[in-house]
Every structure is written in structure tokens, then in C-alpha cells.
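Accompanying notes for the structure given below.
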Amino acid sequence: MRINTLFYCIWQGIRNIFKNKWFTLASVATISACLFLFGLFYSILTNFQHMVKNAEQGLCVSALLDAGMSDERVAEIRGTLMRRTEVSEVEYVSAADTWAQFAEENNFGDISIFTENPLEDCAHFDIYLSDVSMQPALVSYLESVEGVRKVNQSFLTAQALTGVNAIIGYVSIGIIIILFLVSIFLISNTVSIGISVRKEEIQIMKYIGATDFFTRAPFVIEGMVIGLIGSFLPLIGVYFIYNEAMMYVAKRFPSLSQLLAFLPVETVFTNLIPVCIGLGVGIGFIGSFTTVRKHLSV
Amino acid sequence: MKTTGTRRRAGSAISDKAIILEHVSKAYTAGVPALNDVTLHINKGEFVFIVGDSGSGKSTLIKLLLRELLPTSGRVIVNGTDVVRLRRRQIPKFRRSLGVVFQDFRLLKDRNVYENVAFAQRIIQMPNREIRRNVPSILSTVGLAGKYKARPKQLSGGEQQRVALARALVNKPQILLADEPTGNLDPKNSWDIMNLLEKINNNGTTVLVVTHNREIVNAMQKRVITMKKGIIVSDEEKGGYIDED
């Protein structure tokens with residue numbers, strides 16, 4: 001293809017956007033509305049996932065060790081645990097530290113008056129998980145390790161978090177699929193109406209010997225540019241709403257700030273920007289490509 | 001009804017023929033043929049009128065020649081190309097060897113005269129400098145050199161048809177198909193268009209005109225093919241419009 005033909009197709013596509021103002025406006029509005037909803041749901045769900053992940057990270061399994069275990073053996077068990085994929089962090093708490101911590105929590109005051117450590121057999125590992133659903137596997141492994149006399153776990157909490165995680169995953173996928181299908185349907189209809197009005201133009205092109213590519217290219221470029229514009233507007237909207245929502249919660253509910261730890265807007269938008277642009281441009285491409293195809297058989 | 005005049009010689013060499021239809025039938029719905037076993041040969045450089053009432057099969061014939069439709073049976077050869085055997089991707093190139101003019105002009109309404117004609121050249125990927133040379137030249141041939149900036153709605157029917165004619169001719173087609181080119185025009189404009197078509201034909205282009213215009217057909221004394229209910233009822237050299245009654 002000649003370069004001037006390519007530029008001609010691109011120019012015609014861009015020109016069509018301004019020429020068919022109402023069609024452009026309707027298409028941009030439809031794409032924007034759909035992607036705005038998508039962006040909002042994405043932000044909410046990402047934050048939910050982030051909060052659940054935070055809760056997961058605070059959850060640990062305690063492995064109580066036999067009294068008088070040598071430092072070498074402690075280091076050996078710790079090393080083995082650190083190599084496991086479900087483990088994110090292993091903290092060793094010696095018997096002395098356990099006693100000091102216990103005394104502090106119960107306001108015992110000066111513990112130097114105690115000649116013996118009553119928690120001599122309470123040296124333990126606090127093991128934090130990277131994936132809370134793997135807790136049962138870790139517990140059964142710990143129970144088989146020589147020198148571990150007891151394993152304490154928060155089974156119910158872990159189970160609840162795993163459940164919440166799964167639900168968020170399913171809900172996310174469900175909402176994204178529904179929004180995507182609704183977007184495709186609405187946008188194809190809008191594009192379809194806009195292109196049907198120009199059916200005659202397509203027929204004329206075909207009658208005088210235009211190839212499918214030459215006929216289709218301006219419409220597809222038009223669809224993609226509309227998709228691009230239609231994806232920028234909701235991104236700007238979601239950006240401001242997100243920031244406003246974070247500030248509102250921080251100001252109005254300061255006590256919840258620990259629980260509602262929002263992701264920074266940059267983190268959410270790192271994924272949201274390419275996804276939204278991809279969806280907008282992709283939907284514009286698919287919508288115009290398929291609709292023009294219907295009129296090409298002249 | 002007039003009797004059938006001089007029949008064309010079916011045995012002429014294919015290379016002399018611009019259009020060949022051999023036993024062509026076309027039925028849109030089973031059992032109701034729009035064309036019924038039509039055989040027709042048109043030589044290169046001929047000027048031919050196709051006349052007949054509505055429903056006689058004229059438009060179907062044009063659509064078959066443009067490869068917009070496929071025949072139910074028979075062979076259609078245009079410029080040496082068997083259109084039945086054309087693959088979908090070969091159709092655009094085939095159509096570029098034809099010029100087409102319609103009753104309703106079919107101009108791109110949002111583009112000016114120059115761009116409407118240039119469009120046909122852009123389709124064949126003509127370089128811009130060639131387009132800048134060819135378009136004014138053809139516009140001057142059809143008498144519209146001074147109106148190249150006008151939009152179709154700013155032109156009269158006759159002028160719009162001349163733009164359509166310029167667009168059909170700019171790529172120098174071997175055959176020009178005109179489907180009721182004067183159907184929307186007053187007598188003066190109709191004659192202007194017919195004179196242009198004759199001039200084009202004199203330069204060697206085969207011209208096939210589907211028309212209802214009795215006065216023009218009778219006056220021009222060209223070959224006239226009359227169709228009725230999907231068959232050719234008359235094919236005359238220097239013929240005239242045959243009345244139904």
C-alpha cells in the first residue's frame with residue numbers, strides 16, 4: 001500500500017469524527033459511561049482486595065518449640081520455613097522475649113525479681129503467610145517437624161479471609177464480564193446506527209472498486225479514535241472521584257483509617273489506564289470492524 | 001410490437017467482445033426468474049441501449065455485469081473476465097475496469113466535486129501528482145472545470161450526473177455502464193449527458209445504457225436491446241424504442 005493511501009485513510013477517519021459530530025458524541029458518551037462504571041468497580045474491588053491482603057498479612061501461625069533447643073537447630077528450622085512459598089516472614093521469639101512480652105502485656109512491672117522464666121518452654125516462631133489459603137498445608141508440615149511441640153493457628157480467620165478473597169475474585173470477574181458485554185452491546189449498536197446511516201457511502205466505494213481494506217480503514221480508525229477519547233474521559237472522572245473519596249473518608253472517619261487503608265491512586269491507575277485505553281480502543285475497533293463488514297458485500 | 005432486427009453474430013472471437021452472456025438465468029426466488037436464459041454479445045467500442053419496462057430484468061443485468069449478483073446459471077464474461085469465477089478479493093480490481101453511472105448519481109455528499117472524482121483515483125492508489133493532473137482534465141471534458149469546489153447539493157441534477165460521469169471515466173474504463181443516467185434529468189440535461197456518452201464512445205469506450213427515455217433511444221439510432229420479463233425480445237442495430245402495446 002502506498003504511503004499516501006495510508007495517510008488518506010487515516011485523514012478520512014479523523015475527518016469523519018468531526019463530520020459526524022452527533023454520532024461521535026453518542027459513541028464517546030456510551031464508551032465513557034461504560035468505562036466509567038468499569039473504572040469505579042475496578043477501583044473499589046482493587047481496594048477491597050488490598051484491605052483483605054493487609055488483613056492476611058497480619059495473620060500468623062505460631063509454632064512452639066521444645067525447651068532448650070539449640071541455636072543451630074532454631075536457625076535450621078527457620079531456614080527451611082523461609083524457603084516455603086506460602087511463607088512470607090518468619091520471626092523467632094525466644095523464651096526470654098516471650099516472658100518479657102507477656103509481663104508487659106499484663107503489667108507485671110519489673111520482672112527481674114523473678115529468678116526463673118515461667119515460660120521457659122515457650123520459645124516459638126511467628127510465621128506470616130503470603131497466601132492464607134495455604135495455612136492448612138503449613139500447619140501439617142509444622143506438625144511433622146522435629147522439635148515443634150505445638151502449632152497454634154487462627155483457622156476460622158484464615159478460612160474467612162480465604163472465602164472473602166474468593167468472593168472478591170468471582171465478583172470482580174463477574175462484574176467485569178457483565179460490564180464488558182454491556183459495553184460491547186451498547187457501543188456496537190451506537191456504531192452500527194452511525195455506520196448504517198453511511199451505508200450508501202460504503203456502497204459507492206465498493207461500486208467503484210474500493211477494496212474492503214480501503215473502505216473499512218477510515219471507519220475503523222474513526223472507531224478507535226472514538227474509543228480512545230471515550231476512555232480518557234472516565235479515567236479523568238475516576239481519578240478525581242477516587243481522590244475525593246479518600247480525602248472524605250480520612251476527614252470524616254479518621255478512626256477507620258487503619259481499617260480502610262486505600263491504595264494510592266497511582267497504584268490503581270497503573271493498571272487502570274492501560275486496561276481502560278485497551279478496552280476503549282479495542283471496543284471501538286471491534287464495533288466498527290464488524291459493523292462495516294455487514295455492508296461490504298456489495 | 002416491432003419484430004426482432006439483426007441478431008448479433010454469436011461466433012465472433014471472444015477478444016472482440018466487451019461483454020458476453022451465455023444462457024444466463026437469475027432467479028431471486030425459486031421459480032421466478034428475473035433473467036431467463038439470456039444470451040448476449042456486445043463488441044468492444046459499441047454503444048448499446050437496453051430498454052424495457054420495470055421488472056424486465058435490466059437492473060439485474062447491470063448487477064450481474066458489476067458482479068453484485070451471481071447468475072443462477074450461465075456464463076457472464078466482462079472484459080475477458082469470467083465474473084462467476086471471480087474470488088471476492090478480485091472483485092475490486094475487476095470493477096475498476098468498469099465505469100458506472102446511476103440514476104441517482106450516488107455522489108459522496110460531504111465531498112466537493114474534485115474530491116468525488118479524485119476518490120476513484122485514490123482507490124487505485126494513483127499518486128497525488130497524477131490525481132492533480134487527471135481530475136481537472138476529466139472535469140474539463142464534462143464541462144465542470146469551474147465548479148471543482150462545489151458540493152453535490154450546490155449543483156443541478158445535470159451537473160451532478162456529469163460529476164458521476166467524470167468519476168466513472170477518470171480511471172479510463174474499457175466499459176461504461178449507465179443505469180438510467182437521464183432518469184432524474186430534464187430534456188436538455190438528458191441530451192447533454194447523452195452527447196457526452198456518445199463522445200466517450202467515440203473515443204473507444206464501450207457504452208451500455210439502460211434507459212426508459214424513448215425520445216433519446218429513437219433519436220440516437222444505436223443498437224437497442226429490448227427486454228421483457230427476463231428475456232431479450234429484440235436486438236436491433238440502429239433500433240428504436242419498442243412499445244409494449
Side-chain angles (χ1 to χ4, degrees), chain A residues 1-25 27 191 193-223 225-226 288-290 292-298, chain B residues 62-63 65-70 79 86-102 104-111 115-132 151-152 163-173 175-179:
Chain A
M1 177 193 263
R2 280 178 179 277
I3 196 83
N4 66 340
T5 308
L6 183 70
F7 282 132
Y8 176 77
C9 290
I10 293 171
W11 168 240
Q12 285 303 315
I14 292 168
R15 190 174 157 271
N16 285 346
I17 290 169
F18 297 100
K19 198 179 71 187
N20 309 297
K21 287 186 201 74
W22 289 110
F23 162 65
T24 304
L25 210 62
S27 303
V191 172
I193 292 164
I195 289 176
S196 296
V197 173
R198 287 142 72 193
K199 193 170 75 182
E200 197 190 353
E201 187 178 329
I202 296 172
Q203 283 177 343
I204 295 168
M205 291 181 184
K206 293 294 290 176
Y207 274 129
I208 58 181
T211 57
D212 286 356
F213 176 84
F214 191 90
T215 312
R216 186 185 266 152
F219 289 97
V220 170
I221 288 164
E222 184 183 347
V225 174
I226 285 172
S288 51
F289 190 90
T290 50
V292 174
R293 193 173 59 179
K294 288 180 202 161
H295 302 297
L296 284 177
S297 52
V298 175
Chain B
I62 292 278
K63 285 178 179 174
L65 296 176
L66 274 170
R67 182 45 168 86
E68 190 181 339
L69 294 175
L70 280 169
N79 280 333
L86 274 180
R87 292 183 180 179
R88 192 178 145 71
R89 61 182 168 79
Q90 294 173 314
I91 296 172
K93 199 175 175 188
F94 160 73
R95 284 184 181 160
R96 291 172 199 170
S97 67
L98 306 172
V100 201
V101 178
F102 299 96
D104 54 358
F105 323 128
R106 300 204 187 169
L107 299 175
L108 298 169
K109 294 176 184 69
D110 61 312
R111 294 177 213 195
E115 270 307 319
N116 262 285
V117 180
F119 183 68
Q121 295 249 287
R122 296 197 198 282
I123 280 171
I124 60 168
Q125 302 195 32
M126 189 67 80
N128 280 333
R129 62 175 184 283
E130 296 284 324
I131 295 175
R132 281 195 290 270
R151 302 246 167 190
V163 178
L165 206 49
R167 183 182 66 190
L169 294 172
V170 72
N171 291 341
K172 299 183 174 63
I175 300 174
L176 181 70
L177 304 174
D179 190 1

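This structure is a prediction, so every number in the text was calculated from the model and none was measured. In what follows, chains carry the letters A, B, and so on, assigned in the order in which the sequence lines appear, proteins first and then strands, with residues in each chain numbered from 1.
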Which atoms of [X] are under 4.5 Å from chain A, going by heavy atoms: the side chain, the backbone, both sets, or neither?
X: B/Leu107; answer: backbone
X: B/Arg167; answer: side chain
X: B/Glu115; answer: side chain
X: B/Pro173; answer: neither

field: Flag if over 12 foreign heavy atoms under 6.0 Å of NZ, B/Lys109
entry: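 Open.
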
- prompt: Aromatic ring centroids of B/Phe102 and A/Tyr207 under 6.0 Å?
  reply: yes

query: Is B/Arg88 salt-bridged to A/Asp212, cutoff N-O under 4.0 Å?
result: yes

query: Using non-hydrogen atoms only, which part of A/Ile204 is less than 4.5 Å away from chain B: side chain, backbone, both, or neither?
result: side chain

message: Working note: B/Leu98 + B/Phe94, criterion side chain to side chain contact (heavy atoms under 4.5 Å, CB included); need CA distance, chi angles, decisive distance, verdict.
response: CA-CA 7 Å; B/Leu98 306 172; B/Phe94 160 73; 3.9 Å; yes

- prompt: Closest approach of A/Phe18 and A/Ile14, non-hydrogen atoms and distance?
  reply: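 Here A/Phe18 and A/Ile14 meet closest at CD1-O, 3.3 Å.
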
